[in-house]
Amino acid sequence: MHPIPQRCARRPLAGGLVVPWVSLIHGGHAAFGSLDAERARTAFLHRLCQICGQHLDERCFLIVRPADVTQGCSPEPALHPECLPYAAAHCPMINGTATHYRQRPVLANHPAGRPCTDPSCPCPALSPDEGHAARSGSPADRYEAWMIHTRNYRLVFPPDRPDAPSGISLNVPVLRRRVLRTAQLTAEQERVMGLVRSLLDGNP
């Protein structure tokens, strides 16, 4: 088991694992794999690490899938270089434990997967968002970690939501890339990934 990073020493644990700062807490329990929308927004806007919640330093890592490259942004808050290995070791989607995406959103009732029955609860809607609907039940993607300098940290906003970042721009210089999880790419994904790498590396 990968040791808990010093930055996360004061973070709460659930099942012996660090509860990421951006994780949804529902009914007093951590819903691993589900983001708290307001915390994610705060992390984006204030340049906080999604795991420990502390400010990013000179360099940070972005979690990147082929679909994110196509969209031009990473939809998750960034991570400290020292927090990434812990997340990569324990996240089922990244470490290869999970072979497919969930077929439905899971709140804190996980692993039973029961929906929330409290009508006054401010938890997310029971219907999945567009991103989840597109991935539901599909084989797991390839995951990479792209290191960027925080001076190149730029947010991407939807045209109709200037207050709600959709992610961190990938159209910036990349200092280092690390494959976290391999997966079979389609021919189009291979073409797009290769094109983007070539452009970011400054090759014609």
What's the verdict on side chain to side chain contact (heavy atoms under 4.5 Å, CB included) for Val22 and Thr42, showing C-alpha distance, side-chain angles and the deciding distance?
CA-CA 9 Å; Val22 296; Thr42 298; over 6 Å; no
May I have the step-by-step check of side chain to side chain contact (heavy atoms under 4.5 Å, CB included) for Ile4 and Leu17, ending in yes or no?
CA-CA 8 Å; Ile4 294 175; Leu17 298 178; over 6 Å; no
Show your reasoning for whether side chain to side chain contact (heavy atoms under 4.5 Å, CB included) applies to Met147 and Cys60.
CA-CA 6 Å; Met147 176 184 277; Cys60 64; over 6 Å; no
Check against side chain to side chain contact (heavy atoms under 4.5 Å, CB included), Ile148 and Leu175
CA-CA 5 Å; Ile148 67 169; Leu175 303 175; 5.6 Å; no
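His90 places no side-chain N or O within 3.5 Å of a backbone atom of Asn95 that could act as its donor or acceptor partner. When atom types are taken as modelled, the side chain of His149 and the backbone of Arg151 share a donor-acceptor pair closer than 3.5 angstrom. Judged by distance alone, the side chain of Gln50 and the main-chain N or O of Ala78 form no donor-acceptor pair under 3.5 Å.
Qualifying salt bridge (Lys or Arg N to Asp or Glu O under 4.0 Å) partners for Asp68, counting only residues two or more places apart in sequence or in other chains: Arg65. The salt bridge (Lys or Arg N to Asp or Glu O under 4.0 Å) test applied to Arg154 returns no partner, not counting sequence neighbours. Shown here are the salt bridge (Lys or Arg N to Asp or Glu O under 4.0 Å) partners of Arg7, two or more places apart in sequence or in another chain: Asp57, Glu82. Among residues two or more places apart in sequence or in another chain, the salt bridge (Lys or Arg N to Asp or Glu O under 4.0 Å) test is passed with Asp160 by none. Residues meeting the side chain to side chain contact (heavy atoms under 4.5 Å, CB included) test with Leu155, sequence neighbours left out: Phe44, Leu45, Tyr153, Phe157, Pro165, Ile168.
Looking at heavy atoms from C-beta onward, Trp146 lies in side-chain contact with Val69 at the 4.5 angstrom threshold. A 4.5 Å side-chain heavy-atom check between Pro20 and Phe32 finds at least one atom pair inside the cut-off. Looking at Ser166 and Cys73, their side chains come closer than 4.5 Å, going by heavy atoms from C-beta outward. Between Leu13 and Val18 the shortest side-chain heavy-atom distance falls below 4.5 Å. Using a 4.5 Å cut-off on side-chain heavy atoms (C-beta onward), Gln54 and Cys8 make no contact. The shortest side-chain heavy-atom distance between Val179 and Arg142 falls under the 4.5 Å cut-off. Between Val156 and Leu170 there is no side-chain heavy-atom pair separated by less than 4.5 Å.
Note on residues 28-37: no pairs pass salt bridge (Lys or Arg N to Asp or Glu O under 4.0 Å), not counting sequence neighbours.
Trp21 and Cys52 make their closest contact through CB-C, 4.0 Å (heavy atoms, listed as atom of the first residue, atom of the second, distance).
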